[in-house]
Number of protein chains: 2
Amino acid sequence: MTAGSPLRRAVPPSTVARLPVYLRALDELAAQGVARTSSGELAELAGVGSAQLRRDLSFLGSHGVRGVGYDVEHLQAQVAAELGMTGDLPVVIVGIGNLGHALANYVVDAGTGFRVAALVDADPRVVGTTVAGLVVEDDARLGEVVQREGATLAVLATPAAVAQEVCDRLVAAGVTGILTFVPRVLQVPADVDLRSVDLATELQILAFHARQRTLERG
Amino acid sequence: MTAGSPLRRAVPPSTVARLPVYLRALDELAAQGVARTSSGELAELAGVGSAQLRRDLSFLGSHGVRGVGYDVEHLQAQVAAELGMTGDLPVVIVGIGNLGHALANYVVDAGTGFRVAALVDADPRVVGTTVAGLVVEDDARLGEVVQREGATLAVLATPAAVAQEVCDRLVAAGVTGILTFVPRVLQVPADVDLRSVDLATELQILAFHARQRTLERG
DNA sequence: GACTGTGAACATATTCACAGCG
DNA sequence: CGCTGTGAATATGTTCACAGTC
């Protein structure tokens, strides 16, 4: 059963979602040569309350020193390790249209712990071209590519019509985490992690609040 | 005080975040000529539980008929109205690099209720070029552009170094909702709505779960 | 004295299960 | 009878406030 490691408390999802922000703040401090920080300072940089930051970090274990604070380098390593950022994780990007193109460059440029392992597209006019320093490969070989690179993460930026089918093939090839930019509900098995980013959805949420503000005034 | 409209219950944020998904599902049904639906069917399309869907819709008022279901067109109108999707809302996009370019095309193509009112960039090589059918305008005129278009929403896709400064100028010009793709914590006044989409953060969250899976096995 | 780590209070969100209504 | 709308139960998340430790 799952009674293997009774010592580790589970890190709640809401905390996991904030760890990347903390990691970035720690990277900044480290880059400035700051050796030690406090929950107040870090929280300020991360845009959260100091109590929340301390609570979040406490799920990773006790890495601070009471009355003193946190060692920047040590904490940086702990958070990075918790996020599985050891070495560069291979990511496959599927769908090299306008958006896929931009995302590929983004991942290549941002020196964060990911490596664009391959770019894949179904359009024969795109296959064979070089984007962000990689040659775009044929969608027909998707499974092959995923396995060749040992990729467990994929970014999906295809047209909506083919997204579910591509998604299924990614899962079949062994991908366990998918980040989709396609505005469509996708089905994945329970053991696969799906996160969705949707521009239209985000704008509509903003529109809701904009309207609330309008109503509150005259 | 805020005791003006005692009849309307507040729609919780978690519900607001799902309304766009429901709206898209309703649009699909309407496009297929389906006139009536049920919480079960809609929930299936939206990828949520039927109880959650009913609870969410109940915050907008009672728009279903017991024993029968929901009228697709009526519900569509209600949800759209709640989101403030009346007519096309003007959106200004700032930072027309690779990503801004892709986002501009996305908003223009996706027939969802937004209109790209203007594109703005600081790079003289980009200003004056045509992207997604619009001529890119000079960042120096940002405030002017926002007011000319009456835009209350903006998308931010600038380099990280200038993001806070651009953000401040957007707010000063009257923008009340900002969607940022810049990997940096931004400060805005309490009456401005800020939503952040960050590729690196999303990938790191996926990496966390990928690692958990690895640990659970041998 | 300063700052962490956390129990306890509070707030928000989800799910269940069924009463109410057409 | 079927399906909505919702009270009650549960689960998750945030904040407060302070005991514990250096």
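Only a predicted model underlies this, so the values are computations on that prediction, with no experimental measurement involved.
B:Val188 and B:Cys167 get closest at one heavy-atom pair: CG1-SG, 3.5 Å. Considering every non-hydrogen atom in both A:Val72 and A:Leu29, the closest pair reads CG1-CB, 4.2 Å.
Between the side chain of B:Arg55 and the base of C:dT15, a donor-acceptor pair under 3.5 Å is found.
At a non-hydrogen distance threshold of 4.0 Å, nothing from residues 21-48 of chain B comes into contact with DNA chain C.
Here the C1' atom of nucleotide C:dT4 and the CZ atom of A:Phe59 are 15 Å apart, to the nearest Å. Protein atom CD of B:Gln52 is 18 Å distant from nucleotide atom C1' of D:dC3, rounded to whole Å. With rounding to whole Å, B:Leu60 atom CG is found 13 Å from D:dG5 atom C1'. What separates CG of B:Leu57 from P of D:dT6 is a distance of 11 Å, to the nearest Å. Rounding to whole angstrom units, CG of residue B:Asp56 and C1' of C:dT12 are separated by 13 Å. Residue A:Leu53 contributes atom CG, which lies 9 Å from atom P of C:dT4 at whole-angstrom precision.
Under a cut-off of 6.0 angstrom, the local environment of CZ in A:Arg36 is sparse, with at most 12 non-hydrogen atoms contributed by other residues, nucleotides or ligands. By the 6.0 Å contact criterion, CD on B:Gln52 is enclosed, its count of non-hydrogen atoms from other residues, nucleotides or ligands being greater than 12.
Side chains of B:Asp198 and A:Tyr106: a donor-acceptor N/O pair is present below 3.5 angstrom, by distance only.
Dashed line: the shortest gap from a side-chain N or O of A:Arg18 to OP1 or OP2 of D:dT14 is under 4.0 Å. A sub-4.0 Å separation between OP1 or OP2 of D:dG5 and a side-chain N or O of B:Tyr70 is present.
With a 4.5 Å cut-off on side-chain heavy atoms, B:Val91 and B:Val155 count as touching.
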Apply salt bridge (charged side-chain N to carboxylate O under 4.0 Å, His left out) to the pair B:Arg169 and B:Glu165, showing each step before the final yes or no. CA-CA 6 Å; B:Arg169 285 193 289 139; B:Glu165 187 251 340; 3.0 Å; yes
Kindly indicate, with the supporting measurements, whether the criterion side-chain hydrogen bond (donor to acceptor under 3.5 Å, both in side chains) is fulfilled by A:Gln164 and A:Asp168. CA-CA 6 Å; A:Gln164 181 65 61; A:Asp168 292 344; 2.8 Å; yes
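Applying the side chain to side chain donor-acceptor pair (under 3.5 Å) rule to pairs touching residues 145-163 of chain A yields A:Glu137-A:Arg148, sequence neighbours excluded.
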What string of B, S and - do you get for nucleotides 17-22 of chain D 5' to 3' if you count protein non-hydrogen atoms under 4.0 Å? B-BBBB
